[in-house]
There are 2 protein chains.
Amino acid sequence: MNENQAVAALSALSQETRLRMVRYLVTKGGEGAAAGEVAKAAGASSSRASFHLNALSQAGLITATRASRSIIYRVDFAAMGGLIGYLIEDCCQNDPTIVSCCAPLTKQQG
Amino acid sequence: MNENQAVAALSALSQETRLRMVRYLVTKGGEGAAAGEVAKAAGASSSRASFHLNALSQAGLITATRASRSIIYRVDFAAMGGLIGYLIEDCCQNDPTIVSCCAPLTKQQG
DNA sequence: TCAACAATTCAAGAGATATTGAATTATGAA
DNA sequence: TTCATAATTCAATATCTCTTGAATTGTTGA
């Protein structure tokens with residue numbers, strides 16, 4: 001993960017419809033979901049959904065694979081993890097005696 | 001953390017100068033850094049830095065406290081952790097038998 | 001081949017955001 | 001009070017992004 005990739009990923013996530021899509025796909029895990037299903041979950045028209053799914057794909061946050069008439073989208077969990085790691089890199093200069101500031105960054109996950 | 005807060009935080013982070021600022025402040029931990037120091041670290045003019053620091057503050061990602069002539073900015077680590085938690089909420093529907101997709105989200109932290 | 005379904009592409013208009021340099025506010029020291 | 005430092009505010013410009021609806025592409029089954 002470099003700066004350009006991180007800005008691209010964060011730009012992609014900083015939009016209501018796309019954030020809903022990613023969060024929906026996160027819950028779906030490796031199974032993923034078809035474009036139409038994601039569009040419905042995010043409350044978007046098909047053209048809008050397509051536009052935003054393409055943006056997420058360009059940013060490297062999701063992948064697309066065709067399955068018959070549908071196109072299945074899945075979160076790229078390595079990319080998501082890479083982004084999170086980039087955001088909190090060298091937290092508190094990696095000082096192991098300081099826990100108070102870095103602790104909240106690892107606790108909220110579930 | 002709700003949807004509006006998350007979009008605001010991600011919008012704030014999705015800009016080169018602001019991302020640099022936050023990453024710099026993350027390494028500074030509870031100590032924080034003065035506006036001028038952050039501006040220098042991010043390679044921004046003072047007016048640009050002020051504009052972007054205000055955006056990060058409005059988004060709830062950093063706090064500002066005056067110390068003599070300087071204004072010290074610090075990352076709000078609870079807000080950062082809340083954002084990360086919101087992004088990966090209910091990953092894989094919290095199925096404990098699935099590790100492959102959620103693992104990368106908790107490993108990259110340094 | 002034809003009809004139906006799933007999804008993408010396109011163009012135009014509306015709205016939001018970033019940059020610049022000059023001016024202004026706030027603080028501290030002589 | 002006066003000067004220097006630290007930082008913010010302002011207005012104008014330029015640029016990017018989102019939405020909409022119609023048209024198009026790709027796939028499947030009758």
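Naming: A, B, ... by sequence-line order, numbering from 1 per chain. Values reported hereafter were calculated over all heavy atoms of this structure, with side chains retained and with hydrogens, waters and symmetry mates removed.
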In terms of heavy-atom contacts, A:Leu10 and B:Ser14 come closest through C-CB, 3.5 Å
If you pin B:Ser46 and B:Ala55 to their nearest nucleotides in DNA chain C, which one's is more 5'? B:Ala55
Respond yes when some side-chain nitrogen or oxygen of A:Arg48 is under 4.0 Å from OP1 or OP2 of D:dC18, and no when none is. no
A:Arg69 side chain, from C-beta outward: closest of C:dA18, C:dA4, C:dA7: C:dA4
Phosphate oxygens OP1/OP2 of D:dT17: is one of them under 4.0 Å from a side-chain N or O of A:His52? no
Nucleotide C:dA26, atom P - distance to CZ of B:Arg66 in whole Å: 9 Å
Please give me the minimum heavy-atom distance between B:Ala64 and B:Ile71, naming the atom from each residue. CB-CG2, 3.9 Å
Check: A:Glu37/A:Tyr73 side-chain N/O donor and acceptor closer than 3.5 Å: no
Here the pair of heavy atoms bringing A:Val22 nearest to A:Leu56 is CG2-CD2, 3.6 Å
To the nearest angstrom, how far is A:Asn54 atom CG from D:dT19 atom C1'? 16 Å
Taking only side-chain N and O atoms of A:Tyr73, does any of them lie within less than 4.0 angstrom of OP1 or OP2 on C:dA6? no
CZ of A:Phe51 versus P of D:dG21: gap in Å, rounded? 16 Å
Please evaluate the base of C:dG28 for a donor-acceptor partner in the side chain of B:Ser68 within a cut-off of under 3.5 Å? no
By the 4.0 Å heavy-atom rule, please label A:Ser47 as base, sugar-phosphate, or nothing. base
Which nucleotide in the list D:dG26, C:dT8, D:dT8 gets nearest to the side chain of A:Ser50? C:dT8
Which of residues 14-37 of chain A have a heavy atom under 4.0 Å from DNA chain D? A:Gln15, A:Arg18
Shared ILVMFWY cluster between B:Leu87 and B:Ile98, side chains joined below 4.5 angstrom? no
Measure from the side-chain heavy atoms of A:Ser70 and tell me the nearest of D:dT8, C:dT8, C:dA6. C:dA6
In whole angstroms, the gap separating C1' of D:dA7 from NZ of B:Lys40 amounts to 17 Å
Going only through I, L, V, M, F, W and Y residues with side-chain contacts under 4.5 Å, is there a path from A:Phe51 to A:Leu19? no
Using five base pairs at each end to define the local axes, how bent is the helix from C:dT1-D:dA30 to C:dA30-D:dT1, to the nearest 10°? 30°
Closest approach of A:Ala44 and A:Thr17, non-hydrogen atoms and distance? CB-CG2, 4.0 Å
Rounded to whole Å, please give me the gap between CD1 in A:Ile71 and P in D:dG26. 11 Å
Should B:Glu31 and B:Arg74 count as an ion pair when the cut-off is N to O under 4.0 Å? no
Judged by each residue's nearest nucleotide on DNA chain D, which is more toward the 5′ side, A:Ser45 or B:Ile72? B:Ile72
Show the numbers, then the answer: is there a disulfide bond (SG atoms under 2.5 Å apart) between B:Cys101 and B:Cys92? CA-CA 8 Å; B:Cys101 70; B:Cys92 299; 2.0 Å; yes
Between A:Ile72 and A:Ile62, is there shared hydrophobic-cluster membership here, with clusters defined by ILVMFWY side-chain heavy atoms closer than 4.5 Å? no
